[in-house]
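Counting from 1, the numbers follow the sequence of the chain as shown. Hydrogens, waters and symmetry mates play no part in the numbers below; they use all other heavy atoms, side chains included.
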Amino acid sequence: MLVTGSARGIGFGIARAFLSEGAKVALNDVNPAALENARKELASSEESVRAYVSDVSNAAQVKTMVEAIVQDFGTIDVLVNNAGVATPTPYLDLEEKEWDRVMTINLKGAVIVSQQVLRHMITKNYGKIVMVSSLSGKTGGVATSMPYSVSKGGLLVLMRQLAREFGKYNITCNAVAPSFVDTSLLNDLKLDGKKEELASLNVIRRLGTPEDVANGVLFLASDASSFITGETINVNGGRLMD
């Protein structure tokens, strides 16, 4: 399996959860040092986990990465599109370069990686794709910038499109939509000092954890969800019930 953006945070938690279930995991990130640190922390054996440096928004790099993973592991049966960045910029202060950066990494990256992995999944007539979206992709963000929310909403549309188009190949595509998760991303959003306030927005009065999100992804990647596609699991402590 491949987890993009897995050097830290939610992606790292997802990779760790799959390894604990006996999966072989391909880690991906654009930061070589952080990625190697993650690999070392997760496992010492290259038989179970390997690291692949690649910019998910670069089609040539992604193609090379996917080919290397298939060569090393023999298959990619699960793809988790997790790579992403978040910014807190108010809409009226937003500059074009920030819009381009967030949309390119968060949405275009998932399009490129999914396309390359799907080419392989089709030959196997099997695959599971999970998008890590966000509550803000459904409702708009309360602390995230407009391009972040739009990109996460775009992931949900992409997910449904892929579910419809590739179901005939025994490939499912679903998503998880977390609310605020207690990771370093809160620092990026300048929210690290507001954890109690953020937790109070949830019916379950705590922040989510990477493990909470990983549990939802594990289900969607398992055979227990074989008749579920085009769906989104809210992992938000009851903040949004739809």
Notebook entry, point to check: Is any side-chain heavy atom of V203 closer than 4.5 Å to a side-chain heavy atom of M241?
Noted result: yes

Checklist line | Beyond-backbone contact of T75 with V70, side-chain heavy atoms, under 4.5 angstrom | finding: no

Notebook entry, point to check: Hey, quick one: are V142 and M146 part of the same hydrophobic cluster, counting side-chain heavy atoms closer than 4.5 Å, chains of contacts allowed?
Noted result: no

Check: Are the side chains of V217 and V3 in touch, meaning some heavy atoms are under 4.5 Å apart?
Finding: no

Next item on the list: Given salt bridge (Lys or Arg N to Asp or Glu O under 4.0 Å), test E196 with R205 step by step and report yes or no.
Entry: CA-CA 9 Å; E196 289 187 10; R205 297 302 177 90; over 6 Å; no

Checklist line | Donor-acceptor pair between D223 and S226 side chains, under 3.5 angstrom | finding: no

Checklist line | P147 side chain reached by L94 side chain, heavy atoms, under 4.5 Å | finding: yes

Notebook entry, point to check: If you measure from OG1 on T123 to CG on N125, what distance do you get to the nearest 0.5 Å?
Noted result: 9.0 Å

Note to self: Could you see if F166 belongs to whatever hydrophobic cluster contains M121? Use Ile, Leu, Val, Met, Phe, Trp, Tyr and a side-chain cutoff under 4.5 Å.
What the structure shows: yes

Check: So, S114 versus N81: side-chain donor-acceptor pair below 3.5 Å or not?
Finding: yes

Next item on the list: Working to the nearest 0.5 Å, report the span between CZ of R50 and CG of L35.
Entry: 13.5 Å

Note to self: Does either side chain, that of D55 or that of S57, offer a donor lying less than 3.5 Å from an acceptor on the other one?
What the structure shows: yes

Note to self: Would you say S184 and R8 are linked by a side-chain donor-acceptor pair, where the criterion is simply a distance under 3.5 Å?
What the structure shows: yes

Notebook entry, point to check: Hey, are the side chains of S6 and F12 touching, using non-hydrogen atoms and a 4.5 Å cut-off?
Noted result: no

Next item on the list: Please confirm whether the backbone N or O of F219 pairs with a side-chain atom of S225, one donor and one acceptor, at under 3.5 Å?
Entry: yes

Notebook entry, point to check: Can you tell me how far the CG atom of D77 sits from the CG atom of L2, to the nearest 0.5 Å?
Noted result: 11.0 Å

Next item on the list: Just do the side-chain hydrogen bond (donor to acceptor under 3.5 Å, both in side chains) check on Y52 and D72 with the steps written out, would you?
Entry: CA-CA 11 Å; Y52 300 85; D72 292 340; 2.7 Å; yes

Notebook entry, point to check: Atom CG of N28 and atom CD1 of I69: how far apart are they, to the nearest 0.5 Å?
Noted result: 7.0 Å

Margin query: Please check if the number of heavy atoms outside R101 that lie under 6.0 Å from its CZ is greater than 12.
Written below: no

Next item on the list: Flag yes if V157 and M103 sit in one hydrophobic cluster, no otherwise; membership is Ile, Leu, Val, Met, Phe, Trp, Tyr, and two members link when side-chain heavy atoms are under 4.5 Å apart.
Entry: no

Check: S179 and N202: which non-hydrogen atoms are nearest, and at how many Å?
Finding: OG-OD1, 3.8 Å

Next item on the list: Specify the closest pair of heavy atoms between H120 and I76, including all atoms of both residues, with the distance to one decimal.
Entry: NE2-N, 3.2 Å

Next item on the list: Kindly determine whether I129 and M131 satisfy side chain to side chain contact (heavy atoms under 4.5 Å, CB included), including the steps that lead there.
Entry: CA-CA 7 Å; I129 298 176; M131 309 288 185; 4.1 Å; yes

Check: Which heavy atom of G216 sits nearest a heavy atom of V176, and at what distance?
Finding: C-CG1, 4.1 Å

Check: Hey, what do you get for OG1 (T209) to CD1 (I10), rounding to the nearest 0.5 Å?
Finding: 9.5 Å

Item checked: Residue pair A83 / T4: nearest heavy atoms and the distance that separates them -> N-OG1, 2.9 Å

Check: Side chains of Y148 and P88: does their closest heavy-atom pair fall under 4.5 Å?
Finding: no

Notebook entry, point to check: Do K195 and D182 meet the salt-bridge criterion of a basic N to acidic O distance under 4.0 Å?
Noted result: yes

Notebook entry, point to check: Under a single-linkage definition using a 4.5 Å side-chain heavy-atom cutoff for Ile, Leu, Val, Met, Phe, Trp and Tyr, are V78 and L27 assigned to the same hydrophobic cluster?
Noted result: yes

Notebook entry, point to check: Salt bridge or not for E36 and R39, using N-O below 4.0 Å?
Noted result: yes

Check: With a 3.5 Å cut-off and no angle check, do the side chains of S145 and T87 form a donor-acceptor pair?
Finding: yes

Checklist line | Pairs involving residues 132-160, ordered by first then second residue, that meet salt bridge (Lys or Arg N to Asp or Glu O under 4.0 Å) (sequence neighbours left out) | finding: K138-D242

Note to self: As a quick check of understanding, evaluate side chain to side chain contact (heavy atoms under 4.5 Å, CB included) for L135 and N234, giving each step before the final call.
What the structure shows: CA-CA 7 Å; L135 173 67; N234 293 325; 5.6 Å; no

Next item on the list: Verify side-chain hydrogen bond (donor to acceptor under 3.5 Å, both in side chains) between N106 and S151, making sure each step is shown before the conclusion.
Entry: CA-CA 6 Å; N106 294 13; S151 69; 3.1 Å; yes

Checklist line | Joint hydrophobic cluster, L42 plus V30, side-chain heavy atoms closer than 4.5 Å | finding: no

Check: At what distance, to the nearest 0.5 angstrom, does OG of S133 lie from CG of L155?
Finding: 5.5 Å

Checklist line | G230 backbone acceptor or donor facing N174 side chain under 3.5 Å | finding: yes

Next item on the list: Mark yes when over 12 heavy atoms from residues, nucleotides or ligands other than I204 sit less than 6.0 Å from its CD1; otherwise mark no.
Entry: no

Next item on the list: Begin from the C-alpha positions of L158 and V111 and carry the test side chain to side chain contact (heavy atoms under 4.5 Å, CB included) through to its verdict.
Entry: CA-CA 8 Å; L158 173 63; V111 171; 3.9 Å; yes

Notebook entry, point to check: Considering only heavy atoms from C-beta outward, does the side chain of L207 approach that of L198 to under 4.5 Å?
Noted result: yes

Margin query: Do F18 and K24 have side chains that approach each other closer than 4.5 Å (heavy atoms only, starting at C-beta)?
Written below: no

Item checked: R206 with D212: basic N within carboxylate O range, under 4.0 Å -> yes

Check: Between I171 and K128, is a side chain to side chain contact (heavy atoms under 4.5 Å, CB included) present by the stated rule, with each step listed?
Finding: CA-CA 6 Å; I171 297 169; K128 301 274 190 176; over 6 Å; no

Note to self: Restricting to non-hydrogen atoms, name the atom on G154 and the atom on L107 that form the minimum distance, rounded to 0.1 Å.
What the structure shows: C-CD1, 3.6 Å

Next item on the list: Identify the heavy atoms of G13 and P210 that sit nearest to each other, and give their distance.
Entry: CA-CB, 4.1 Å

